[in-house]
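Heads up: the structure comes next, in structure tokens.
Both counts, for ligands and for their atoms, begin at 1 and track the order of listing.
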Amino acid sequence: MPGKKALKLEDILKHPKVQKVTDDINAELLERRQYKPPICHAFSRRFTILKETDQFKFKIDKEAQQQLPKIIGNKVQKVVGVKTAEASLAEQYGKKRNIGIVFSGGPAPGGHNVIAGLYDAVKKANRESKVFGFLIGPDGIIENEVIELKDELVDAYRNLGGFTMIKTGRTKIDTKEKMELSRKTCHELNLDALVIVGGDDSNTNAAFLAQEMVADGIQVIGVPKTIDGDIQVRDDNGEVLCAMSFGFHTAARAFAASISNLCTDSSSDVKYWHICKVMGRVASHLALEVALQTHANLTLIGEDLADYIDESRIEKTRREGKVDYHAYGMTLRHLSCVICEGILRRAAVGKNYGVIIIPEGVLEFINEIQVFIIKLNTIIAEYNQTHDKEFHTAFALLEDKLDYLRRLAQRSRADSSYTLWNIRDEDLFNDIPSFFQEGLLMERDSHGNFPFSQVETEKVLMDLVKDYLNLLKEEGRYLLGIKQKYYQKTLKQAGLDPGAFGPLLFENYGSAELLLRKTSIISVKTLKQALVEGGLIKTDDKVPAAVDKIFRKSVPSFKTQIHFYGYDGRGNDPTRFDCIYTYNLGWTVFSLIANGATGQMAAIRNLEKDFSKWEPIGIPIAPLMHLEERKGKLALVLEKSIVDVNSIAHQVLKANRERWLAVDSDTDHYRRPGPIRFAGSSEEDRPITLELNALANQS
Ligand code: FBP
């Protein structure tokens, strides 16, 4: 600019404004770091003690009894605060300790506060005690990769998301060798206790470590973490002990904020269907919560689909005196029809846009796919057990893997006792697109879990939906409703009589506000034919431009935008609820350790109630374990909790399906949860599913 001296970059960079906006530390970060979550009443006392209770009953699995004899007798323990303690307790409570903590599995918002809570409780009891953080998950224990956690580091991560402080990993301590190395590390560090913050598999691991280390005098405590929300513990009478794992609320709120924005965009631009796959490896808890938060137009709940029965098919075959076994359970094709029906119905009321939520693990509930997943799990596990090279190393390319499967199918032809992969499986598998085949053959994690997040489920489904919509379009059944007023105006402006053309063009002319084109009119040709036959134009005439315009407006084009909500929400800074929940979990862990517990999982009861009613407890892990198929073999694991289709939260969703599809009026019924705000009170202060399901316990 003439007359102005150009600023030197060197000076610009030194400018206080530039320094402020380029600093890594901003106001939000400082506010989060400084926030001190409240602690449960029990922790405000000088000491805590544990009160064992027989109030909760568990059906004990025989195998758990055999494999975990030293911790199977554990009971639920209530953490109670006391002002004074006998000398022996005071000494035991305040003794100098070394405690190791590890994150295991996927990150979940709030993990840093578990560390902060534990750290503060440890230091309150004895400033000399030390807390060690194992690096990059259980590998850190096996390889003794560890750092001592000190004030500065802990303070830097208070109330912040991720597991960045010590990172995480998915290694399972599942061999004698790994167990021995872990024991060695614990001895080298002179650990009194090991804390495992993880999901169902990691808490399973915690139970086995606890059992192994009783003799070493090393306590092992688990902490229920996972955004999937699938660690929920009830006793045999349905009494809730742990209603929700930490991180669930934040992830759901983060997904909901983004999806709600899509609802706003799609209802503005009115041209896209947004397809949102939402994390949750198997269970659809996150999809359900996000649906309740956003009122998206269509939400699939895997668990609901599994129970699906096609009554019309059953009725048809019953009349023929037969039983149709394919009528039970949902197929991919049928599911695509269910989605199409929603799209069709919205189009009929002029809404060729919307938002669909698909849970990441939906395939687990589709019979035909689940069979493939189980069979392929077994094939891969069997291969790994009998060969030196792992399946995925031996068959690096998809073609190699398919070739191996082909050989198995041939084997089944020659040997009728081999049924794992037969010719029918082979044919069905060859029928699916190669990207999906690749997905189903993907490497399992160290716990044998299928990597749902890597499979483009939404693409498979939407490809089927597109095919079906094209067919429906050809049949004239997928069409966009036209507003009566708009039709009248357009024809009148062109000097045409709407009353003359209307009955020829529309099924419902005169009786409805939204006009539906006749299904026999599927192209300009058939349109012209109808007008000629109706005597409105001659054979040589062109279709009047205004009528042509109305016809074209009634032909929807199906455009989608595909999104995956997972890692983003998993890395979000925790909601206030998750901050407080996890900080108190950390304090609970210390109470369990200080009172000699092992093989217990820290939890907080009454999460749905006012904070003053929150109750820290220890839940025995061993009695929760049962046998499940893992890597082709039965293994003792902690049961995953999937969505209970009879739960209040799910029933509320079902009751609102029609309303949120919004085919009754011009408006949609979207809800705006807004972004996660650390300050202010506009956010929901806890998960909606948690609050709704808790109503079941109110008499
Ligand atoms: P955790 O069960 O370990 O908490 O992990 C949950 C999860 O985020 C799932 O929702 C998702 O399917 C999976 O992890 C993704 O795994 P990865 O991080 O290995 O891609």
Is there a donor-acceptor pair closer than 3.5 Å between any side-chain N or O of Arg183 and the backbone N or O of Glu212?
-> yes
Considering only non-hydrogen protein atoms, determine which one is nearest to atom 2 (O) of ligand 1 and report residue, atom name and distance to 0.1 Å.
-> Thr226 OG1, 3.4 Å
Going by an N to O cut-off under 4.0 Å, is there a salt bridge joining Asp201 and Lys172?
-> no
Among protein heavy atoms, which lies nearest atom 12 (O) of ligand 1, and at what distance?
-> Glu360 OE1, 2.6 Å
With a 4.5 Å heavy-atom cut-off, do Tyr383 and Ile380 have their side chains touching?
-> no
Close-contact set for ligand 1 against Gln454 heavy atoms, below 4.0 Å = 20 (O)
Determine, using heavy atoms of Gly199 and all atoms of ligand 1, whether some pair is separated by less than 4.0 Å.
-> no
Please check if the side chain of Arg32 supplies one atom and the backbone of Asn159 the other of a donor-acceptor pair under 3.5 Å.
-> yes
Glu368 side-chain N/O to Leu332 backbone N/O, donor-acceptor pair under 3.5 Å | yes
Per-atom contacts, ligand 1 versus Gly106 - under 4.0 Å to a heavy atom | 1 (P), 3 (O), 4 (O), 5 (O)
Give the numbers and elements of all ligand 1 atoms closer than 4.0 Å to a heavy atom of Gly105.
-> 3 (O)
If we only count N/O pairs under 3.5 Å, is Ser104 in contact with ligand 1?
-> no
Consider every N or O of Ile227 and every N or O of ligand 1, then say whether any pair is closer than 3.5 Å.
-> no
Heavy-atom proximity to atom 5 (O) of ligand 1, best of Arg170, Lys640, Met279, Arg570 | Arg170
Is there a donor-acceptor pair closer than 3.5 Å between any side-chain N or O of Thr250 and the backbone N or O of Pro109?
-> no
Record the part of Asp228 in heavy-atom contact with ligand 1 below 4.0 Å; permitted values are side chain, backbone, both and neither.
-> side chain
Atoms of ligand 1 close to Tyr567 [distance to a heavy atom under 4.0 angstrom, numbered from 1] | 15 (C), 17 (P), 18 (O), 20 (O)
So, the side chain of Ser641 versus the backbone of Ile231: is there a donor-acceptor pair under 3.5 Å, distance only?
-> no
Below 4.0 angstrom from a heavy atom of Lys225, which ligand 1 atoms are there? Numbered from 1 as shown, please.
-> 1 (P), 3 (O), 4 (O)
Return yes if some donor-acceptor pair links the side-chain N/O of Arg33 with the main-chain N/O of Arg158 below 3.5 Å, else return no.
-> no
Is there a donor-acceptor contact under 3.5 Å from the side chain of Asp230 to the main chain of Ile642?
-> no
Gly280 touching ligand 1 at heavy-atom level, < 4.0 angstrom = yes
